[in-house]
Enquirer: 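Got a structure for you, written out below as structure tokens; questions coming shortly.
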Amino acid sequence: MNVSVLGCEDYKTSFWSGGTTTELYLWPKDGSYAERDFLFRLSTASVEQEESTFTHLPGIKRILMPLTGEMVLVHEGEASRTLKPYRQDVFMGDHKTVSRGKARDFGIMTRPGCEAFLSVIELEPGIRKKIYVAPSAGVRRMEFFFPVQGRAKLGCGAGEMLLAPGMLLAAEDAEGTFTAVPEGQEALRMLWVSVRVNGRA
């Protein structure tokens with residue numbers, strides 16, 4: 001298992017029609033979002049316009065979760081969906097999607113051959129959570145932890161690491177047990193992203 005901790009100096013920020021987007025992690029590492037050459041991408045974005053149109057991304061599945069603010073997503077040909085903080089929507093980038101409302105969000109993009117799951121870990125001070133990642137034959141498991149409120153003490157095979165809000169722990173070829181506990185007296189809210197890449201690409 002290869003574990004790394006990333007911070008703001010490792011991220012890439014660029015502009016889109018509704019605000020800014022910050023790329024937290026791209027796989028493979030020599031890929032390019034601008035050229036649409038990637039298998040999956042993790043990012044945060046600011047939506048600074050009251051109404052904006054999402055980038056057209058044919059063949060790419062998207063998971064979107066507001067971290068602050070409220071968003072109304074209108075997918076072409078479908079009913080609108082209202083997302084409050086930490087509620088998520090899954091949709092394809094093939095069709096036109098309009099966003100209404102200002103927010104900051106967390107997003108995952110995947111291509112066929114990848115499957116991603118996004119969940120929220122919430123822990124009160126002193127409470128410890130164990131997360132077991134089982135090895136899967138023919139599938140590459142990659143786990144990511146991203147605190148958005150409070151500091152996290154995260155233990156894994158590489159030792160124990162302290163994560164502040166905005167830092168990303170990336171575990172490639174992940175397996176075994178992770179433990180998470182809030183650091184200090186503040187409750188912890190942390191995003192957990194589990195990605196499975198078929199064929200161990």
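None of the values given here were measured: they were computed from a predicted structure.
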Enquirer: Report the residues that fulfil side chain to side chain contact (heavy atoms under 4.5 Å, CB included) with Thr53, sequence neighbours left out, ordered by chain and then residue number.
Expert: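 Checked Thr53 against side chain to side chain contact (heavy atoms under 4.5 Å, CB included); matches are Lys96, Val98.
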Enquirer: Minimum heavy-atom separation for Pro112 and Gly59, please, with both atom names.
Expert: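 So the two residues come closest at CD-O, 3.5 Å.
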Enquirer: Does Arg100 have any side-chain hydrogen bond (donor to acceptor under 3.5 Å, both in side chains) partners at least two apart in sequence or in another chain, and if so, which?
Expert: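 With neighbours one apart ignored, the set is Glu51.
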Enquirer: Start with the C-alpha distance between Met65 and Ile108, add both sets of side-chain angles, then the distance that settles side-chain contact (heavy atoms from CB on, under 4.5 Å), and finish with yes or no.
Expert: CA-CA 9 Å; Met65 173 185 285; Ile108 307 170; over 6 Å; no
Enquirer: Just verifying a value: how many Å separate Leu26 CG and Ser32 OG, rounded to the nearest 0.5 Å?
Expert: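 So the gap between those two atoms works out to 7.5 Å.
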Enquirer: Go through the structure and list residues passing side-chain hydrogen bond (donor to acceptor under 3.5 Å, both in side chains) with Thr13, not counting sequence neighbours.
Expert: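 Thr13 satisfies side-chain hydrogen bond (donor to acceptor under 3.5 Å, both in side chains) with Thr22 only.
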Enquirer: Return the set of residues passing side chain to side chain contact (heavy atoms under 4.5 Å, CB included) with Pro147 (not counting sequence neighbours), or none when no residue passes.
Expert: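 Testing Pro147 for side chain to side chain contact (heavy atoms under 4.5 Å, CB included), a comparison that skips the adjacent residues, returns Ala152, Leu163, Leu188, Met190.
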Enquirer: Please identify which of these residues, Leu169, Thr44, Leu6, Val193, meets the side chain to side chain contact (heavy atoms under 4.5 Å, CB included) condition with Phe146.
Expert: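 Of all the options given, the one that passes is Thr44.
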Enquirer: Mind listing the closest non-hydrogen atom pair of Val74 and Ser80 along with its distance?
Expert: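 Closest approach of Val74 to Ser80, heavy atoms only: CG2-CB, 3.9 Å.
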Enquirer: In terms of hydrophobic clustering (I, L, V, M, F, W, Y; side-chain heavy atoms under 4.5 Å; direct or indirect links), are Ile121 and Val133 co-clustered?
Expert: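 As far as the 4.5 Å side-chain criterion goes, Val133 and Ile121 are connected within one cluster.
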Enquirer: Can you sort out the partners of Thr20 under side-chain hydrogen bond (donor to acceptor under 3.5 Å, both in side chains), two or more places apart, ordered by chain and number?
Expert: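 Checked Thr20 against side-chain hydrogen bond (donor to acceptor under 3.5 Å, both in side chains); matches are Ser46.
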Enquirer: Any side-chain heavy-atom pair from Leu42 and Trp27 closer than 4.5 angstrom?
Expert: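 Contact flag for Leu42/Trp27 side chains = no.
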Enquirer: What distance separates Gln88 CD from Ser119 OG, expressed to the nearest 0.5 Å?
Expert: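 Going from the CD atom of Gln88 to the OG atom of Ser119 covers 8.0 Å.
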Enquirer: Please test Leu191 against Leu118 for side-chain contact (heavy atoms from CB on, under 4.5 Å), starting from the C-alpha separation and ending with a verdict.
Expert: CA-CA 7 Å; Leu191 305 187; Leu118 172 60; 4.2 Å; yes
Enquirer: Same hydrophobic cluster for Ile127 and Ile131, using side-chain heavy-atom links shorter than 4.5 Å among ILVMFWY?
Expert: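 The answer is yes; both residues are in one hydrophobic cluster.
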Enquirer: For Arg141, is there an ion pair with Asp173 - N to carboxylate O distance below 4.0 angstrom?
Expert: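 Judged by the 4.0 Å cut-off on N to carboxylate O distance, Asp173 and Arg141 do not form a salt bridge.
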Enquirer: Working to the nearest 0.5 angstrom, can you tell me the gap between Leu24 CG and Phe106 CZ?
Expert: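 These two atoms lie 6.0 Å from each other.
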Enquirer: Please find the pair of heavy atoms, one from Tyr11 and one from Gly166, that lie closest to each other, and give the distance.
Expert: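 Here Tyr11 and Gly166 meet closest at OH-O, 2.8 Å.
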Enquirer: List for me each residue that meets side-chain hydrogen bond (donor to acceptor under 3.5 Å, both in side chains) alongside Arg196, sequence neighbours excluded, and say none if there are none.
Expert: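 Once residues adjacent in sequence are excluded, Arg196 has no partner under the side-chain hydrogen bond (donor to acceptor under 3.5 Å, both in side chains) criterion.
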Enquirer: Could you check whether any side-chain heavy atom of Met109 comes within less than 4.5 Å of a side-chain heavy atom of Phe38, counting everything from C-beta outward?
Expert: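 Yes - at least one pair of side-chain heavy atoms lies under 4.5 Å apart.
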Enquirer: Enter the distance from Phe54:CZ to Leu73:CG here, rounded to the nearest 0.5 Å.
Expert: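 Reported value, rounded in 0.5 Å steps: 5.0 Å.
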Enquirer: Does anything in residues 175-190 pair up under salt bridge (charged side-chain N to carboxylate O under 4.0 Å, His left out), and if so which pairs, sequence neighbours excluded?
Expert: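 Checked against salt bridge (charged side-chain N to carboxylate O under 4.0 Å, His left out) - neighbours excluded - the pairs reaching residues 175-190 are Glu122-Arg189, Lys153-Glu183.
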Enquirer: Any idea which heavy atoms bring Gly126 and Val181 closest together, and the distance?
Expert: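 The answer is C-CG2, 4.4 Å.
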Enquirer: Checking Lys61 now: which residues fulfil side chain to side chain contact (heavy atoms under 4.5 Å, CB included) with it, not counting sequence neighbours?
Expert: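 Here the qualifying residues are Val90, Met92, Thr110.
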Enquirer: Would you call Phe178 and Lys129 a side-chain contact if the rule is heavy atoms closer than 4.5 Å?
Expert: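 Heavy-atom side-chain distance check fails, nothing below 4.5 Å.
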Enquirer: Grouping I, L, V, M, F, W and Y whenever their side-chain heavy atoms are under 4.5 Å apart, do Ile60 and Leu64 come out in a common cluster?
Expert: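 No, it is not one cluster - the side chains of Ile60 and Leu64 are not joined through contacts under 4.5 Å.
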Enquirer: Tell me which pairs pass salt bridge (charged side-chain N to carboxylate O under 4.0 Å, His left out) where either residue lies in residues 75-91, with sequence neighbours left out.
Expert: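 Applying salt bridge (charged side-chain N to carboxylate O under 4.0 Å, His left out) to every pair that reaches into residues 75-91, excluding sequence neighbours, yields Glu70-Lys84, Glu78-Arg81, Arg81-Asp89.
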Enquirer: Set out, in order, the CA-CA distance, both residues' side-chain angles and the distance that settles side-chain contact (heavy atoms from CB on, under 4.5 Å) for Val5 and Met167, then state yes or no.
Expert: CA-CA 7 Å; Val5 176; Met167 298 174 69; 3.5 Å; yes
Enquirer: Are any non-hydrogen side-chain atoms of Pro165 and Gln149 less than 4.5 angstrom apart?
Expert: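 They are not in side-chain contact.
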Enquirer: Going by ring pair (Phe, Tyr, Trp, His ring centres under 6.0 Å), name the pairs with one or both residues in residues 63-98, residues two or more places apart or in two chains.
Expert: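 Those involving residues 63-98 are His75-Phe91.
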Enquirer: Distance to the ring centre below 6.0 angstrom and angle to the axis at most 45 degrees; does that hold for Arg36 and Tyr33?
Expert: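 Ring-cation test returns yes.
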Enquirer: Run the side chain to side chain contact (heavy atoms under 4.5 Å, CB included) test against Ala170 and tell me which residues pass, sequence neighbours left out.
Expert: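 Listed in chain order: Ser4, Tyr25, Phe144.
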Enquirer: Are Val148 and Leu168 joined in one hydrophobic group, where the rule is that I, L, V, M, F, W and Y side chains link up if heavy atoms are under 4.5 Å apart?
Expert: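 Both belong to a single hydrophobic cluster.
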Enquirer: Take Val47 and Lys102 through the side-chain contact (heavy atoms from CB on, under 4.5 Å) test and state the conclusion after the steps.
Expert: CA-CA 5 Å; Val47 184; Lys102 297 181 180 181; 5.6 Å; no
Enquirer: What salt bridge (charged side-chain N to carboxylate O under 4.0 Å, His left out) pairs are there with at least one residue in residues 3-28, not counting sequence neighbours?
Expert: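 Those involving residues 3-28 are Glu23-Arg41.
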Enquirer: Tell me whether the rings of Trp192 and Phe145 are parallel (<30°), tilted (30 to 60°) or perpendicular (>60°).
Expert: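 Rings of Trp192 and Phe145: parallel, under 30°.
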Enquirer: Could you tell me if the side chain of Leu67 sits less than 4.5 Å from the side chain of Pro85, heavy atoms only?
Expert: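 Side chain of Pro85 against side chain of Leu67, heavy atoms only: no contact under 4.5 Å found.
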Enquirer: Would a 4.5 Å heavy-atom cut-off, applied to side chains only, mark Leu154 and Thr179 as touching?
Expert: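 With C-beta onward as the side chain, the pair stays apart.
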Enquirer: Could you tell me which non-hydrogen atom of Val195 sits nearest to which non-hydrogen atom of Ala116, and how far apart they are?
Expert: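 Shortest heavy-atom contact: CG2-CB, 4.2 Å.
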Enquirer: If you take all heavy atoms of Ser99 and Met71, which pair is closest and at what distance?
Expert: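 Heavy-atom minimum between the residues: OG-CE, 3.5 Å.
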